[in-house]
Novice: 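Dropping the structure in here first, questions after.
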Amino acid sequence: MSKGVTKQSDDFAKWYTDVVRQAKLADYGPVKGTMVIRPYGYAIWENFQRILDRMFKDTGHVNAYFPLFIPEHFMHKEAEHVEGFAPEVAVVTHGGGKKLEEPLVVRPTSETIIWNMYKKWISSYRDLPLLINQWANVVRWEMRTRLFLRTTEFLWQEGHTAHATAEEAEEETLKILEVYRTFAEDFMAMPVITGQKSESEKFAGAVRTYSIEAMMRDGKALQSGTSHYLGQNFARAFEVTFQNTDNQEELVYATSWGVSTRLVGGLIMSHGDDKGLILPPRVAPYQVVIIPIYRDDTRALVMEEVNNLVDQLDKVNVRTTVDDDQKSSPGFKFNEWEMKGVPMRVEIGPKDVEKGQAVVVIRHSGEKHFIKLTELAAFLDSHVEIIQDQLFQRALDFREENTHTATTWDEFKDIIENKGGFVKAFWNGSADVEEKIKDETKATIRCIPFDQPEAAGKCIYTGEDSTQQVIFAKAY
RNA sequence: CGGGGUGUGGCGCAGCCCGGUAGCGCGCUUCGUUCGGGACGAAGAGGUCGAAGGUUCAAAUCCUUUCACCCCGACCA
């Protein structure tokens, strides 16, 4: 493996792939479009899972697990749903050496099988709300794939809830969107824009789709999580009704929502630089890496301080690893752990021990601090949050710098072509116009943000009066 | 599916035009010296040249067929 990675400015896509592979996050699987998530990458995903799972439980949800295989005819019950997913489902036609009576669809998402079950479980308003989440793999046969961002099989969580009223379901949809926003911003240090998807970008089978949209360091948008208000579409398709307090039968109201391993890709592209990954401390597998520097005669001396520091960091729950591999030099280790994005590096050598200090290097800023050993643990502990905040602020500043407002079509095209990033512009709400803009510029409507300007404006394409300002961008 | 490209030790590649003993760098193994920004030396291990067929005394190299993967476009978390 060669030293370093392709520079972001040379080829961002190549940089991304280089980092994923050199930081040992993931590797290509033998089947086209599949990905092996390696231990270091999986550790990040496990951190995501741990944090999100807690948030879901704190908002009243429970976990369950539904089967991978779905009878093919289930997919046909909801018209929009089948139309949306038909081209990308994998179908199993044989089992046990025989052709199956009915082919089985490998789930691209679980609405159908879940609502098939909910029909059995829901009969009264007393059974509602039903708030279930599952952690699972799903398969979507994509034409073009990229590690983490779009793979044939991916890991995600999908929440599926059933409610007695439309208001309550809508409230749930937005509550989860807020969970996603909090997770992205407070843990991944990835600022996001919350809003509603346009009709053409919404989930197949949803009434409304909301999303969080993040800006990557190349200015492109990444849809990072979606929350759908499904209305009664799936309840109608699967005949899921309940008796309300007036003893009347009613269709239930539904939501579904998910985030996937794509978030790992978002994390990489939100913070990384030409030296590799930069991980926010709250989700980093290791927050501190200690690199002891010694020769045989100074080993005991150095390791005593190292072990002492590990104990102290352990007490304050700072995730730490020590790289005392004898085979590689300190210089090699510096580069390797920078590639892996560990937020803080501590160097302790004989000279340091003599002076009663250690060297701390902050990954994202490159700052070098000489800290007294007696103050070291406290310094590192406090910098977990300091670094977390700095990374969020840096990402936010980057997004603001790369977000422009366009009021004329020429201006719009110029920004998309020459500057990139997000473009705020008014839109008349027409799918036709949305399509034309996409054809002419490759920019799509990422979302209709909740955050709207006071004044109305004119549609960027037609010049008609418009009250909705939307975010356009090229997207992953 | 359209356009482009690549298949040769684990990884990255050269060799192919012009057929003649399969090579280089990195990695790996062992030993020794090193160790504060990608250490060095010595000795080793490791390849049915993507697959099938053909031409030839002889094929990684020429011909035919085929498969796979990657990149760019049309679909998508």
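Predicted, not measured: the structure shown is a model, and the values here were computed from it. All values below come from the heavy atoms of this structure, side chains included, with hydrogens, waters and symmetry mates left out. Throughout, protein chains are lettered first and strands after them, A, B, ... in sequence-line order, and every chain is numbered starting at 1.
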Novice: For A/D439 and B/G73, give me the distance from atom CG to atom C1', rounded to whole Å.
Specialist: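 Answer to the nearest Å: 13 Å.
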Novice: Relative to the ring of A/Y180, is the ring of A/W257 parallel (under 30°), tilted (30 to 60°) or perpendicular (over 60°)?
Specialist: perpendicular
Novice: Just name whichever nucleotide pairs with B/C69, Watson-Crick or G-U, keeping both distances under 3.5 Å, else none.
Specialist: B/G5
Novice: In whole angstrom, give me the gap between the P atoms of B/C28 and B/A52.
Specialist: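 So the two P atoms sit 33 Å from each other.
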Novice: Specify the separation, in whole Å, of atom CE of A/M35 and atom P of B/C69.
Specialist: 17 Å
Novice: Considering only B/C76, B/A39, B/G38, which nucleotide approaches the side chain of A/S329 most closely?
Specialist: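 Closest nucleotide to the A/S329 side chain: B/A39.
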Novice: Counting any heavy atom closer than 4.0 Å, what does A/E142 reach on the DNA or RNA strands: base, sugar-phosphate only, or nothing?
Specialist: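 Base contact - A/E142 has a heavy atom under 4.0 Å of at least one base atom.
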Novice: Just the rounded figure in Å: distance from P of B/A39 to NZ of A/K327.
Specialist: 14 Å
Novice: Roughly how many Å apart are B/U48 and B/U33, using the C1' atom of each and rounding to a whole number?
Specialist: 41 Å
Novice: Assign A/K333 to base, sugar-phosphate, or nothing according to its heavy-atom contacts below 4.0 angstrom with the strands shown.
Specialist: nothing
Novice: Taking only the C1' atom of each, what is the distance from B/G5 to B/G53 in whole angstrom?
Specialist: 25 Å
Novice: Between A/Q326 (CD) and B/A39 (P), how many Å, whole number?
Specialist: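 Rounding to the nearest Å, CD of A/Q326 and P of B/A39 are 15 Å apart.
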Novice: Just checking A/V359: base, sugar-phosphate only, or nothing, at a heavy-atom cut-off of under 4.0 Å?
Specialist: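 Result for A/V359 = base.
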Novice: Of the options B/C75, B/G38, B/G36, whose atoms approach the side-chain atoms of A/K438 most closely?
Specialist: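 Of B/C75, B/G38, B/G36, B/C75 is nearest to the side chain of A/K438.
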Novice: Pick the P atom in B/G73 and in B/G37, then give their distance to the nearest Å.
Specialist: 42 Å
Novice: Between A/K14 and A/T17, is any pair of side-chain heavy atoms under 4.5 Å apart?
Specialist: no
Novice: Mark up nucleotides 41-46 of chain B, 5' to 3', with B wherever a protein heavy atom is under 4.0 angstrom from a base atom, S wherever such an atom reaches only the sugar-phosphate, and - elsewhere.
Specialist: ------
Novice: One thing to verify: whether A/K7 and A/D18 come together as a salt bridge, which I'm taking to mean a side-chain N less than 4.0 angstrom from a carboxylate O.
Specialist: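 Here A/D18 does not pair with A/K7 in a salt bridge, since their nearest N and O are not under 4.0 Å apart.
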Novice: Distance check, C1' atoms only: B/C49 and B/G32, in whole angstrom units.
Specialist: 37 Å
Novice: In chain order, what residues pass the side chain to side chain contact (heavy atoms under 4.5 Å, CB included) check against A/R208, with sequence neighbours excluded?
Specialist: A/E170, A/Q196, A/Y210, A/Y229
Novice: Grab the CG-C1' distance between A/L301 and B/G36 for me, whole Å please.
Specialist: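 Rounding to the nearest Å, CG of A/L301 and C1' of B/G36 are 15 Å apart.
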Novice: Under 30°, 30 to 60°, or over 60°: which ring-plane class applies to A/W409 and A/F412, parallel, tilted or perpendicular?
Specialist: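 Answer is parallel, since the angle falls under 30°.
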Novice: Within residues 360-371 of chain A, find the residues that approach RNA chain B with a heavy atom at under 4.0 Å, and present them sorted by residue number.
Specialist: none
Novice: Determine the contact category for A/L149: base if any of its heavy atoms lies under 4.0 Å from a base atom, sugar-phosphate if only primed atoms, P, OP1 or OP2 are that close, otherwise nothing.
Specialist: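 Base contact - A/L149 has a heavy atom under 4.0 Å of at least one base atom.
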Novice: How far does the P atom of B/C16 sit from the matching atom of B/U61, given to the nearest Å?
Specialist: 12 Å
Novice: Quick check for you: among B/G38, B/C71, B/C76, whose closest atom lies nearest to any side-chain atom of A/Y28?
Specialist: B/C71
Novice: Using only heavy-atom distances, determine whether the side chains of A/R446 and A/T444 contain a donor-acceptor pair under 3.5 Å.
Specialist: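 Per modelled atom types, A/R446 and A/T444 side chains form a pair under 3.5 Å.
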Novice: May I ask which nucleotide in the shown strands pairs with B/A22, Watson-Crick or G-U wobble, both distances under 3.5 Å?
Specialist: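 For B/A22, the partner nucleotide comes out as none, under the 3.5 Å rule.
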Novice: Decide, yes or no, whether a salt bridge links A/E178 with A/R181 under the criterion of side-chain N to carboxylate O below 4.0 Å.
Specialist: yes
Novice: Any N or O donor-acceptor pair linking the side chain of A/E338 to the base of B/G38 at under 3.5 Å?
Specialist: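 By the distance-only test, no, there is no pair.
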Novice: Give one of base, sugar-phosphate or nothing for A/R299, where a contact means two heavy atoms less than 4.0 Å apart.
Specialist: nothing
Novice: Could you tell me if the side chain of A/R299 sits less than 4.5 Å from the side chain of A/D324, heavy atoms only?
Specialist: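 With C-beta onward as the side chain, the pair touches.
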Novice: Sort out the partner of B/C62 for me: Watson-Crick or G-U wobble, both distances under 3.5 Å, none otherwise.
Specialist: B/G54
Novice: Please state how far atom NE2 in A/H81 lies from atom P in B/C76, giving the value in whole angstrom units.
Specialist: 14 Å
Novice: We want to know whether A/S256 and A/H160 form a side-chain donor-acceptor pair, criterion being a heavy-atom distance below 3.5 angstrom.
Specialist: no
Novice: Kindly indicate whether a cation-pi arrangement holds for A/K436 with A/Y461, taking the cut-offs as under 6.0 Å to the six-membered ring centre and within 45° of the axis.
Specialist: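 So A/K436 doesn't make the cation-pi contact.
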Novice: Mind checking the P distance from B/G3 to B/A77? Whole angstroms is fine.
Specialist: 28 Å
Novice: Just to verify, what does A/R394 make a side-chain hydrogen bond (donor to acceptor under 3.5 Å, both in side chains) with, not counting sequence neighbours?
Specialist: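 side-chain hydrogen bond (donor to acceptor under 3.5 Å, both in side chains) check on A/R394 returns nothing, list empty.
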Novice: Paired with B/G38: which nucleotide, if any, by Watson-Crick or G-U wobble criteria at under 3.5 Å for both distances?
Specialist: none
Novice: A/G258 near the nucleic acid: base, sugar-phosphate alone, or nothing, with a heavy-atom cut-off under 4.0 Å?
Specialist: nothing
Novice: Determine the interatomic distance between P on B/G15 and the same-named atom on B/G50; round to the nearest Å.
Specialist: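 Pairwise P distance, B/G15 against B/G50, rounds to 14 Å.
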Novice: Measure the shortest side-chain to side-chain distance between A/M269 and A/Y16 over non-hydrogen atoms and say whether it is less than 4.5 angstrom.
Specialist: yes
Novice: Hunt down the Watson-Crick or G-U wobble partner of B/C17, both distances under 3.5 Å, from any strand shown, or write none.
Specialist: none
Novice: Considering only B/G36, B/A77, B/C35, which nucleotide approaches the side chain of A/S260 most closely?
Specialist: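 Taking heavy atoms from C-beta onward, the closest nucleotide is B/A77.
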Novice: Rounded to whole Å, please give me the gap between CZ in A/R107 and C1' in B/A77.
Specialist: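 Whole-Å distance recorded here is 15 Å.
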Novice: OP1, OP2 of B/C76 versus side-chain N and O of A/R140: anything below 4.0 Å?
Specialist: no
Novice: A/I293 side chain: which of B/G36, B/A39, B/C76 is closest?
Specialist: B/G36
Novice: Using purine N1 to pyrimidine N3 plus N6-O4 or O6-N4 for Watson-Crick, or N1-O2 and O6-N3 for G-U wobble, both under 3.5 Å, which nucleotide pairs with B/A43?
Specialist: B/U29
Novice: Indicate, yes or no, whether a donor-acceptor pair under 3.5 Å links the base of B/G37 to the side chain of A/R345.
Specialist: yes
Novice: State, to 0.1 Å, how close A/T441 and A/I416 come at their nearest heavy-atom pair, and which atoms those are.
Specialist: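 Shortest heavy-atom contact: O-CG2, 3.7 Å.
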Novice: Could you check whether atom CZ of A/F187 has more than 12 heavy atoms from other residues, nucleotides or ligands sitting under 6.0 Å from it?
Specialist: yes
Novice: In residues 151-159 of chain A, what residues come within less than 4.0 Å of RNA chain B, judged by heavy atoms?
Specialist: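 The stretch gives A/T151, A/F154 as the residues lying under 4.0 Å from the strand, ordered by number.
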Novice: I need the CG-C1' distance between A/D323 and B/C35, as an integer number of Å.
Specialist: 13 Å
Novice: Just distance, no hydrogens or angles: give the donor-acceptor pairs under 3.5 Å from side chains in residues 80-94 of chain A, sequence neighbours left out.
Specialist:
unit_1	atom_1	unit_2	atom_2	d
A/E80	OE1	A/G205	N	3.4
A/H81	ND1	A/A204	O	3.0

